[in-house]
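All of these numbers come straight from a predicted model, not from anything done at the bench. What you see below is based on every heavy atom in this structure, not just the backbone, and it leaves out hydrogens, waters and symmetry mates.
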Number of protein chains: 2
Amino acid sequence: MLETKTERVCGCAHDPATFAARVEQSCARDGVQLTPLRRRVLDIFSGSAGPLGAYAILEALSRREGKQVAPPTVYRTLDFLLEHGFVHKIESLNAYAPCEHLGHAHHGMLAVCDACGRSEEIEDEAVMRAIAATAAGSGFMPRTVMVEAKGLCRRCAEREAGATAHHRNPGVASSTSAPSGSRK
Amino acid sequence: MLETKTERVCGCAHDPATFAARVEQSCARDGVQLTPLRRRVLDIFSGSAGPLGAYAILEALSRREGKQVAPPTVYRTLDFLLEHGFVHKIESLNAYAPCEHLGHAHHGMLAVCDACGRSEEIEDEAVMRAIAATAAGSGFMPRTVMVEAKGLCRRCAEREAGATAHHRNPGVASSTSAPSGSRK
DNA sequence: CTCCGCACTGTTATAACATAACAGTCTGCC
DNA sequence: GGCAGACTGTTATGTTATAACAGTGCGGAG
């Protein structure tokens with residue numbers, strides 16, 4: 001149980017560091033215009049350990065550009081990235097995370113760790129099928145479906161279990177290394 | 001397949017008009033303090049056809065009280081109602097809706113109609129089981145799970161189908177009438 | 001009865017998230 | 001050149017949410 005690379009059926013890489021590069025390839029292939037600005041935002045995602053709020057991106061961007069960037073610039077870029085499925089919005093966090101399954105449609109759930117703030121995209125057709133079936137049963141016709149779970153990722157769950165093996169403790173890490181982007 | 005009253009296993013009433021009264025009973029039974037302010041907010045939910053934004057509640061409350069109410073008042077009340085499971089937050093709308101399954105834990109999905117703006121709470125253990133299983137498979141330990149679907153409710157889907165019986169059918173409402181509670 | 005703590009509400013200010021509207025720039029094309 | 005379109009810049013503002021502290025009312029301990 002030591003692998004950090006989450007290997008899955010689809011064979012996706014899930015490597016944040018190469019995220020921007022992979023999107024770039026995808027754009028080149030599809031004739032989608034990946035401008036310098038958009039590329040820089042992708043780089044910011046690549047360098048982040050967790051989901052980023054729009055204003056976190058804004059700050060990072062301003063730092064990188066050396067001059068103040070305004071909100072619309074960021075939101076427009078996010079719109080582009082969302083539209084092409086390169087990032088997802090995490091509604092419960094008002095934050096954005098790079099898509100871990102570039103190329104496939106997004107049929108998964110988003111799992112957000114309360115301790116480390118990272119998010120993880122878990123693909124599973126069974127969940128989506130169950131949702132579709134349930135919706136159909138009540139006459140509802142879904143157009144988009146969002147599944148977000150909060151809890152502890154494998155790593156943090158193990159750390160908790162180890163750290164408090166005998167005692168017990170308040171489920172949620174306090175100031176445990178919250179990566180850059182996480183708020184709340 | 002003709003019933004409009006969504007009758008479900010649990011036998012819940014789902015009647016907005018009696019919502020406040022039912023919460024009141026629940027509070028009385030459990031020794032939970034339902035103050036006049038909280039009761040008024042419940043009444044506002046009872047009188048609404050769809051989910052309400054915090055600031056919509058704020059306006060309704062201000063109107064009802066005859067004087068301006070400040071945001072913290074509303075948010076504190078919502079905190080109380082959320083905490084006790086009397087209302088749910090719809091993250092994808094930043095809005096709040098009365099719980100349709102008072103008394104049970106919330107093990108369902110929220111279906112929001114793009115056309116009429118109403119939300120509907122669909123209970124289904126199968127979905128939650130599938131999610132739990134999927135999460136477990138990847139080592140994630142969920143604490144809270146949120147499922148939100150957007151699309152067309154039975155009623156609006158039927159209306160659409162009727163309106164455009166012979167021609168196009170993409171299943172997705174365009175700019176169809178949006179009512180009271182819905183924003184954006 | 002007084003004092004104290006607690007739960008609730010009021011009030012002011014501000015933070016955090018998001019968009020509208022319009023202006024400027026750059027590029028490719030006729 | 002001149003135009004159209006896509007992209008970005010800029011200013012202003014709208015919307016959602018919280019921090020911090022003050023007041024009020026009530027019940028219990030002393």
Discussion item. Between B/Arg38 and C/dC8, is there a contact of a side-chain N or O with OP1 or OP2 at under 4.0 Å?
Written reply: yes
Item to complete: Grab the CG-P distance between B/Leu34 and C/dA7 for me, whole Å please.
Response: 17 Å
Fill in: Whether B/Tyr55 stacks on the six-membered ring of D/dT15 base, 5.5 Å and 30° limits
no
Worksheet item: Is any side-chain nitrogen or oxygen of B/Thr35 closer than 4.0 Å to OP1 or OP2 of C/dC8?
Response: no
Discussion item. Whole angstroms only, please: what is the CZ-P distance between A/Arg39 and D/dC7?
Written reply: 17 Å
Practice prompt. Provide, to the nearest angstrom, the distance between the CG atom belonging to A/Leu52 and the P atom belonging to C/dA18.
Written response: 13 Å
Worksheet, complete the sentence: Between OH of B/Tyr75 and P of C/dT11 the distance, given in whole Å, is 18 Å
Item to complete: Provide, to the nearest angstrom, the distance between the CD1 atom belonging to B/Ile57 and the C1' atom belonging to C/dT9.
Response: 17 Å
Worksheet item: Whole Å only: how far is the CG atom of B/Leu37 from the C1' atom of D/dG25?
Response: 15 Å
Worksheet item: Do A/His101 and A/Glu121 have side-chain atoms, one donor and one acceptor, less than 3.5 Å apart?
Response: no
Practice prompt. Would you tell me if any nitrogen or oxygen in the side chain of B/Gln33 comes within less than 4.0 Å of OP1 or OP2 on C/dA7?
Written response: no
Worksheet item: Heavy atoms, side chains only, cut-off 4.5 Å: are A/Met109 and A/Asp124 in contact?
Response: no
Item to complete: Round to the nearest Å and state the distance from A/Leu78 atom CG to C/dA16 atom P.
Response: 18 Å
Worksheet item: Using a cut-off of 4.0 Å on non-hydrogen atoms, how would the nucleic acid contact of A/Tyr96 be classed: base, sugar-phosphate, or nothing?
Response: sugar-phosphate
Discussion item. Strictly distance-based, threshold 3.5 Å: is any side-chain N or O of A/Arg63 a donor or acceptor partner for the main-chain N or O of A/Gln68?
Written reply: no
Discussion item. Rounded to whole Å, how long is the line connecting atom CZ of B/Arg76 with atom P of C/dT12?
Written reply: 13 Å
Discussion item. OP1 or OP2 of C/dA18 versus the side-chain N and O atoms of A/Asn94: is any pair under 4.0 Å?
Written reply: yes
Discussion item. With a 4.0 Å limit, can you tell me whether A/Thr73 has a side-chain N or O closer than that to the phosphate oxygens OP1/OP2 of D/dT8?
Written reply: no
Worksheet item: Considering all heavy atoms of both residues, which atom of B/Ala20 and which atom of B/Leu42 are nearest to each other, and what is their separation?
Response: CB-CB, 3.8 Å
Discussion item. What I want to check is whether the side chains of B/Ser92 and A/Glu91 have a donor and an acceptor closer together than 3.5 Å.
Written reply: no
Practice prompt. Nearest-nucleotide wise, let me know which of A/Val69 and B/Pro72 is further upstream toward the 5' end of DNA chain D.
Written response: A/Val69
Item to complete: Ignoring backbone atoms, establish whether B/Lys89 has a side-chain N or O less than 4.0 Å from OP1 or OP2 of D/dA17.
Response: yes
Discussion item. I want to confirm an ordering. Mapping B/Ala70 and A/Glu91 to their closest nucleotides on DNA chain C, which one lands closer to the 5' end?
Written reply: B/Ala70
